[in-house]
Amino acid sequence: MSAPLAEHSDKKDKGVEVVINGTAVSLDHDTVTYGELGQLAFPGHDPQAMFTVTYRHAATPHGGSGTLVAGESVKVKKKGTTFNVRLTTRS
């Protein structure tokens with residue numbers, strides 16, 4: 001009888017699952033920022049680093065795919081939003 005309660009308490013009602021560079025990541029919020037994605041993809045990176053961030057299957061009115069730049073954010077679906085984050089070199 002206590003097992004179903006334990007399973008219920010482990011559920012995250014507000015949790016969302018995203019994939020960043022092929023790795024599943026759980027978030028406790030449904031909006032993710034460019035800077036947050038850089039930190040999740042490359043922990044401890046140079047704060048001045050630039051990234052190329054693309055996404056698919058997001059909760060957006062324009063088809064769910066796009067690109068993020070510094071200062072932007074995107075609302076993600078509860079499950080299935082995918083991000084590709086690449087370090088961009090400056091020339």
Side-chain angles (χ1 to χ4, degrees):
M1 187 168 175
S2 63
L5 292 175
E7 288 177 3
H8 179 70
S9 65
D10 288 343
K11 274 189 172 178
K12 293 182 179 179
D13 292 328
K14 290 187 174 184
V16 293
E17 292 180 25
V18 298
V19 176
I20 301 172
N21 294 345
T23 303
V25 177
S26 293
L27 302 174
D28 61 358
H29 50 285
D30 65 358
T31 301
V32 64
T33 66
Y34 169 91
E36 188 176 11
L37 287 163
Q39 183 61 34
L40 290 167
F42 300 97
H45 69 276
D46 177 0
Q48 299 301 314
M50 301 288 292
F51 300 100
T52 300
V53 179
T54 59
Y55 60 87
R56 294 182 326 177
H57 309 296
T60 60
H62 52 76
S65 298
T67 303
L68 287 180
V69 297
E72 290 186 337
S73 63
V74 66
K75 187 169 182 165
V76 298
K77 292 182 178 178
K78 231 173 172 21
K79 191 170 187 178
T81 303
T82 303
F83 294 95
N84 289 310
V85 183
R86 294 180 294 152
L87 277 170
T88 303
T89 57
R90 293 183 186 173
S91 40

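Nothing here was measured: the structure is a model prediction, and the numbers come from that model.
Contact detail for S65 and H57: the closest heavy-atom pair is OG-N, 4.4 Å. T31 approaches E36 most closely through the heavy-atom pair O-OE1, 4.0 Å. In this structure, E17 and S26 approach most closely via the heavy-atom pair CG-OG, 4.1 Å. Of all non-hydrogen atoms in A58 and K75, the two that sit nearest each other are CB-O, 3.5 Å.
Between the side chains of T88 and T52, at least one donor-acceptor pair of N or O atoms lies under 3.5 Å.
Counting only heavy atoms from C-beta outward, the side chains of V74 and F83 approach each other to under 4.5 Å. You'll find the side chain of F42 reaches within 4.5 Å of the side chain of L87, heavy atoms only. Counting only heavy atoms from C-beta outward, the side chains of N84 and N21 approach each other to under 4.5 Å. Counting only heavy atoms from C-beta outward, the side chains of V85 and L40 never approach each other to under 4.5 Å.
With values rounded to the nearest 0.5 angstrom, M50 atom CE is found 10.5 Å from H45 atom NE2.
The side-chain contact (heavy atoms from CB on, under 4.5 Å) test with V18 is passed by exactly one of L27, T82, L37: L27.
Judged by distance alone, with hydrogens and angles left aside, the side-chain atoms of Y55 form no donor-acceptor pair with the main-chain N or O of V76 at under 3.5 Å.
Each of V32 and V19 belongs to its own hydrophobic cluster when Ile, Leu, Val, Met, Phe, Trp and Tyr are linked at side-chain heavy-atom distances under 4.5 angstrom.
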